[in-house]
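Only a predicted model underlies this, so the values are computations on that prediction, with no experimental measurement involved. So that the names make sense, note that chain A is the first sequence line, chain B the second, and so on, each numbered from 1.
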Number of protein chains: 2
Amino acid sequence: MTNRAVTIAEVARHAGVAVSTVSYVLSGKRAISETTRARVLRSIGELGYHPNAGARALASRRSNVIALVLPLRAGMHLPVLMQFASSVVAMARRHDHDVLLMTADEGPDGLRRVAASSMVDGMVLMDVELDDPRVPLLRGLEEPSVLIGFPADPSGLTCVDLDFARAGALCVEHLTSLGHRRLALLGAPSVVYERGTGYARRTREGFVEAAGEAGVALPCEETFDEVAATVKDLFAQHPDLTGLVVHNEASVGHVLGALRLLGRRVPDEVSVVAICPDDVAERASPPLTSVLIPAEDVGNRAVELLMAKLEGRPVPDATLLEPRLAIRASTR
Amino acid sequence: MTNRAVTIAEVARHAGVAVSTVSYVLSGKRAISETTRARVLRSIGELGYHPNAGARALASRRSNVIALVLPLRAGMHLPVLMQFASSVVAMARRHDHDVLLMTADEGPDGLRRVAASSMVDGMVLMDVELDDPRVPLLRGLEEPSVLIGFPADPSGLTCVDLDFARAGALCVEHLTSLGHRRLALLGAPSVVYERGTGYARRTREGFVEAAGEAGVALPCEETFDEVAATVKDLFAQHPDLTGLVVHNEASVGHVLGALRLLGRRVPDEVSVVAICPDDVAERASPPLTSVLIPAEDVGNRAVELLMAKLEGRPVPDATLLEPRLAIRASTR
DNA sequence: TCCGCCTGTCGAAGCGCTTCGATAACCGAT
DNA sequence: ATCGGTTATCGAAGCGCTTCGACAGGCGGA
């Protein structure tokens, strides 16, 4: 029961080679003859050897762990965060790294702690906001980092995100190409705009710029009753409104419910485009034409950028992922 | 820029004491005079010392890291998982531990790997299913673990969860006490029952047992159209139905939409109780009477149990958290 | 005064690995 | 036969920490 873990020394003895030879078989950093390699690998298998992570980190000055830092304000877009997180883990594993999960409520000190203690080799920060308190620290840190989202001043940082401005514009283009002449954006709750959340603002800017005179952009709260009231007002003030863009995962269902209540049929009378995960769009009635948030791609890309930085390869400062429109039954 | 990290030796020199003395100041494992302690702590502060995690783990055989293992099948109950995760991280930090995030798609090998490499001192597995392939491994593992959810055979394991059977029963009791005589449960999608997901089945059992003849339990898919059809059928077959329990976070909005469509007013004609997170219940119209899933409590409790096991303290095998009913506007 | 006993501190021996320099053993070219 | 140059392997020196045993000095009790 209480068998201490197998060490590299035991493997070496079992295979009849030096400890360093085993190490080189594992790392591939020096040439090892095929016969020796095979013998060592067999011993490793038979003994069930797993290198001790602490010892390895100590000797090599590399922990093979990256930190994944969740946003300060939880409560928002939880499902998307989760998709980010799991794609980050999966991709990190593919690069032989593990992931240390941190919440931002430890604040910058937490980042400093894990970095200074050599717990992690680098970090990925999720859901970075325009004015993010963690950002200044990163610039001074030894460890490389990658941000998901863009702070107000991204200079000297590596950032990845969906191109939300393009996403907003893309929705407009789709609707205008269908002949819609008056469009509205129902966006994030107003508190999110005030907080300085980049993706909400950038989507709105993309929408406003592309729609010009034809567009009206509103924040959108998340209770059914508020959504219903907003939608009702909207049509009261803009009777010619026929195209709706919804960028609020929690509210898209409510928007459809409100339209149903008002007797406005989708897509016959009103076309609706959502910016939301695919599963939400598919579950709606009718299934929604949508721009999906490619959480998996973003997470994967973030890890790849971080790995590149860890290996000293140059990386672009900004990576914007092109949005893709999936046409379903809610637009015509 | 490239200043190597401060080591304990430098702290010792700066404070004019032995390395071991610094170590004992930090760990408190031997008495140190007040004056020495103060001097050492000041040096630590001035130099900005952070102990090297790898070295510490190597020497002490404790990594102060726990693993948090996400479920195999993602895509389900993402928001709740996220709440679990962040409460686990927060509580772990309070016990001076960090959290390594793992997805179950590495499978049991992944668990074996992190355990054997001494990367983690213990683990918390989320969303354990009745017949979970990770479970057999755990019994043989040196490292202690705690499960969120119950496998079919929980013997020899430490498990925590909301008492879903009680939750189901509680909903029934609430509705019958209001005078409702015919009740239905709209549960998880049928695939979830087939997969052997414990909480879905246990909720149903609790409901069925408490409702007896008066109750009918159905699975519930997650697209609006399917939900609407299910609800319509339900009322067609049971015209006397007045009490609805919904245990499906993705569908509660759809259920309300369907009732609206059928012209059944809530709560005047139909009372609805949901088992879902509070924010979902609050955003609905009308706000829903609900049993919330106390994700935070569960996560905290799981970590506390794990810490107890790590310190060799005895812990109960099974911990069931009592459900709490929040009465809102959807029942009468 | 001497003894045993705390207290507080030190030095050194690891923990299990990586990596550097050294060294054999062998190659083909002289 | 000799030599420079590979190629494959070994031994040993750390990496930065914890922890064990040793010990100096101060205490009160005999």
Atom pair distance, as rounded to whole Å: CZ in A/R37 and P in D/dT7: 15 Å

Distance-only donor-acceptor test (3.5 Å): side chain B/R39, base C/dG8: no

Go through B/L321 and B/D163 one step at a time and tell me if the side-chain contact (heavy atoms from CB on, under 4.5 Å) criterion holds. CA-CA 5 Å; B/L321 269 50; B/D163 188 341; over 6 Å; no

Just call it for A/T7: base, sugar-phosphate, or nothing, with non-hydrogen atoms closer than 4.0 Å on any strand. sugar-phosphate

Run the numbers on B/D132 and B/L147 for side-chain contact (heavy atoms from CB on, under 4.5 Å), then give the verdict. CA-CA 11 Å; B/D132 199 301; B/L147 316 194; over 6 Å; no

Let me know the distance between CG of A/L58 and P of C/dT19, rounded to the nearest Å. 12 Å

Give a yes or no on whether a salt bridge exists between B/D161 and B/R301, defined as a side-chain N under 4.0 angstrom from a carboxylate O. no

Hey, does A/R61 reach any base, or is it just sugar-phosphate, or nothing, if we go heavy atoms under 4.0 Å? sugar-phosphate

Of the listed C/dT19, D/dC20, C/dC15, the closest approach to the B/A59 side chain comes from C/dC15

Measure from NE2 on B/H50 to P on D/dC15 and round the result to the nearest Å. 21 Å

Just compare D/dC17, D/dG21, D/dG16 and give me whichever is closest to any side-chain atom of B/R56. D/dC17

Please pick, from D/dT9, C/dG16, C/dT9, the nucleotide with the shortest atom-to-atom distance to any side-chain atom of A/I32. D/dT9

To the nearest angstrom, how far is A/N52 atom CG from C/dT18 atom C1'? 13 Å

Under 4.0 Å from OP1 or OP2 of D/dC10: is there any side-chain N or O of A/T21 that close? yes

Does B/E106, at its CD atom, have more than 12 non-hydrogen atoms belonging to other residues, nucleotides or ligands within less than 6.0 Å? yes

On DNA chain C, does the nearest nucleotide to A/I8 precede the nearest nucleotide to B/A31 from the 5' side, or the other way round? Give the residue. B/A31

Selection from D/dC17, C/dT19, C/dG16 that lies nearest to any side-chain heavy atom of A/K29: C/dT19

Closest approach to the side chain of B/Y24, judged atom by atom: which nucleotide of D/dT18, D/dC20, C/dT19 is it? D/dC20

Using a cut-off of 6.0 Å, state whether more than 12 heavy atoms not belonging to A/D153 lie near its atom CG. yes

If you compare all heavy atoms of A/V6 against all heavy atoms of A/G48, which two are closest, and at what distance to 0.1 Å? CG2-O, 4.2 Å

Just compare D/dC15, D/dT19, D/dC17 and give me whichever is closest to any side-chain atom of B/P51. D/dC17

Whole-Å distance separating the CD atom of B/E34 from the P atom of C/dT7: 15 Å

Within the structure shown, what part of the strands sits under 4.0 Å from B/S33 by heavy-atom distance: base, sugar-phosphate, or nothing? sugar-phosphate

Less than 3.5 Å between a donor and an acceptor, one on the side chain of B/R30 and one on the base of C/dT9, is that the case here? yes

Base, sugar-phosphate, or nothing: which does A/S118 touch, judged by heavy atoms less than 4.0 Å apart? nothing

Among the nucleotides C/dG21, C/dG16, C/dT18, which one has an atom lying closest to any side-chain atom of A/S60? C/dT18

Out of D/dG14, C/dT19, D/dT18, which has the shortest distance to the side chain of A/S20? C/dT19

Go through C/dG8, D/dC10, D/dT18 for me and flag the one nearest to the B/V19 side chain. D/dT18

Rounded interatomic separation in angstrom, taking CZ from B/R62 and P from C/dG16: 16 Å

